[in-house]
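Please read the structure below before turning to the comments.
In each ligand, atom 1 is the first atom listed, and ligand 1 is the first ligand listed. These numbers were taken from a predicted model, which means no experiment stands behind them.
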Amino acid sequence: MATNHCRWIVHVDMDAFFAAVEQRDHPAYLGKPVIIGGLHGRGVVSTASYEARKYGITSAMPMVEARRRCPSGIFLPPNMNKYAHVSDQIRQIFDFFSPTVEPLSMDEAFLDVTGMEYQYPDVTDIARQIKDRIKEELNLTASAGVATNKFLAKLASDLKKPDGLVVIHPGAEIDLLAPMSVKKLWGVGHATARILKSLNIETIEDFRNTDLKILEHYLGTCSLELYNLAWGRDNRPVIADRQAKSIGNENTFTIDIWSKDEIRAVLLALAGKVGWRLRKAGLQGRTITVKVRFSSFRTVTRSVTLPSALSLDESIYQVACKMIDKIPLHEGVRLLGITVSKLGQGGGQLSLFAEDNERQEKITAVMDKLKDKFGEAIITRGRIW
Ligand code: TTP
Ligand code: MG
């Protein structure tokens, strides 16, 4: 995929979130219509499993109506503490992939992955890996959309639910949007849609073909913004709500590796990626975790919390090597990972490396500039430590 665009945004949204968590935790509910919401009085549906949606059950529908449509359904009250916990776990996965995460609700977020594409063969892989990881670690499915702005990424994540992955390549948005309802434009609710309908504007193409002056007359000042969305243009940045809790990278090998030298070479590359992401986010971390998955899928992690924070590749690499050296190697290694956590804004680097730091910081700053400009391939650091 071409990388000469300003931004790449991924939007991830869990499928039938509350219901999916209950189905996961109660295998007897799998494949069944599960409806979560207020069960008494004038309670409404929070969400329904995809099996229940076949009965026309939707969020915000009165529970009485849902029971009428699907008397044999499994009706449950929400367990918000549990969903909040899962939401935190999802957030940790998002943080692993980008330092810029903007959650929209408990089960969805935007990730700005601009500049990350050099770590993946294709920006689509980032979204795929996020989905895979959610499945692997939480046994839940999510849908993801990838595009060059927030509006298109969110639109994309909704196109193939559940378990969808849709990429809107630059240029494709024009035709894709054309036949869609104007309601797909952010900010067009029922009231605006009704006004537009009275003007015979039902699709996004109709909207585009309408004189902006007419739109302004009926819709007021938001017309220009809607007009831009109708052409797939949206400059809103992804705003990280709070700092990432951890930043990590891992690598799964096509062929298991055995030698310490190979392991060190991989750790060097991983430290470079994690360090770059930390510095890009202006962060440093005190806890370094290494993860090793063996050919038998046995997974071992080791962590160390240091007296002061670090973000230089060399420092991360050295700490990771020390931990890996203590893990006995009785079988091949299929995955290696490094994560840095206990993050804070930049400050002093680890004193252990103090004498070298000034030189290292200068080298790192030059390398970062080159990476930003040309991508990581331009400069691969040899084993000079
Ligand atoms: P959504 O992401 O809108 O819905 P969903 O995840 O259940 O289904 P999907 O994304 O696959 O269409 O909302 C996330 C959770 O928020 C949902 O599981 C329950 C809760 N919620 C409510 O409590 N009330 C509502 O009206 C909506 C829309 C969601
Ligand atoms: Mg959802």
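- Using a 4.5 Å cut-off on side-chain heavy atoms (C-beta onward), L138 and R24 make contact.
- Shown here, atom 9 (P) of ligand 1 is in close reach of the protein: a heavy atom of it lies under 4.0 Å off.
- With hydrogens and angles ignored, the 3.5 Å screen pairs a side-chain donor or acceptor of E331 with a backbone N or O of S296.
- Below 4.0 Å from some heavy atom of R53 lie the following atoms of ligand 1, by number and element: 5 (P), 7 (O), 8 (O), 9 (P), 11 (O), 12 (O).
- What sits closest to atom 2 (O) of ligand 1 on the protein, heavy atoms only, is D107 OD2, 3.0 Å.
- At a threshold of 4.5 Å between side-chain heavy atoms, the hydrophobic network of Ile, Leu, Val, Met, Phe, Trp and Tyr places I36 and F75 in two separate groups.
- At a threshold of 4.0 Å, the pair R279-D313 counts as salt-bridged, since one of the basic side-chain nitrogens sits closer than that to a carboxylate oxygen.
- No salt bridge links K131 with E137; every basic N to acidic carboxylate O contact stays at or beyond 4.0 Å.
- Residue-ligand proximity: P162 is placed with every non-hydrogen atom at 4.0 Å or more from ligand 1.
- The closest approach of D107 to the Mg ion (ligand 2), by N/O/S atoms, is made by OD2.
- Atoms of ligand 1 found under 4.0 Å from any heavy atom of Y50, numbered from 1 in the order shown, are 9 (P), 11 (O), 12 (O).
- Assignment of K161 to the shell around ligand 1 is supported, since a heavy atom sits closer than 4.0 Å.
- Between atom CD1 of residue I338 and atom CD of residue E250 there is a gap of 11.0 Å, rounded to the nearest 0.5 Å.
- Here the heavy atom of the protein found nearest to atom 7 (O) of ligand 1 is T47 OG1, 2.5 Å.
- Look at K82 and E22 and you find a salt bridge, because one of the NZ, NE, NH1 or NH2 atoms lies within 4.0 Å of a carboxylate O, short of that distance.
- Using cut-offs of 30° and 60° on the angle between ring planes, the pair W186 and F151 is perpendicular.
- From the protein, the heavy atom lying nearest to atom 15 (C) of ligand 1 is F18 CE1, 3.9 Å.
- If you look at E108 next to ligand 1, there are no close heavy atoms at all, none under 4.0 Å.
- Ionic pairing of D132 and R128 is not present here: no N-O contact between side-chain nitrogen and carboxylate oxygen is shorter than 4.0 angstrom.
- For the pair E205 and R208, the salt-bridge criterion is not met [side-chain N within less than 4.0 Å of a carboxylate O].
- The shortest N or O to N or O distance between A60 and ligand 1 is not below 3.5 Å.
- Here the N, O or S atom of D13 that is nearest to the Mg ion (ligand 2) is OD1.
- For the Mg ion (ligand 2), the set of nearby N, O or S atoms under 2.8 Å includes one belonging to M14.
- Nearest non-hydrogen protein atom to atom 26 (O) of ligand 1 is S59 CB, 3.7 Å.
- In terms of polar-atom proximity, defined here as any N/O pair under 3.5 Å, M14 does make such a contact with ligand 1.
- Within ligand 1, counting atoms from 1 as listed, the ones closer than 4.0 Å to a heavy atom of F17 are 5 (P), 6 (O), 7 (O), 18 (O).
- Salt-bridge check for R264 with D325: passed, with a basic side-chain N closer than 4.0 Å to an acidic carboxylate O.
- Residue V45 has no N or O atom closer than 3.5 Å to an N or O atom of ligand 1.
- If you check which protein heavy atom lies closest to atom 24 (N) of ligand 1, you get S46 O, 3.5 Å.
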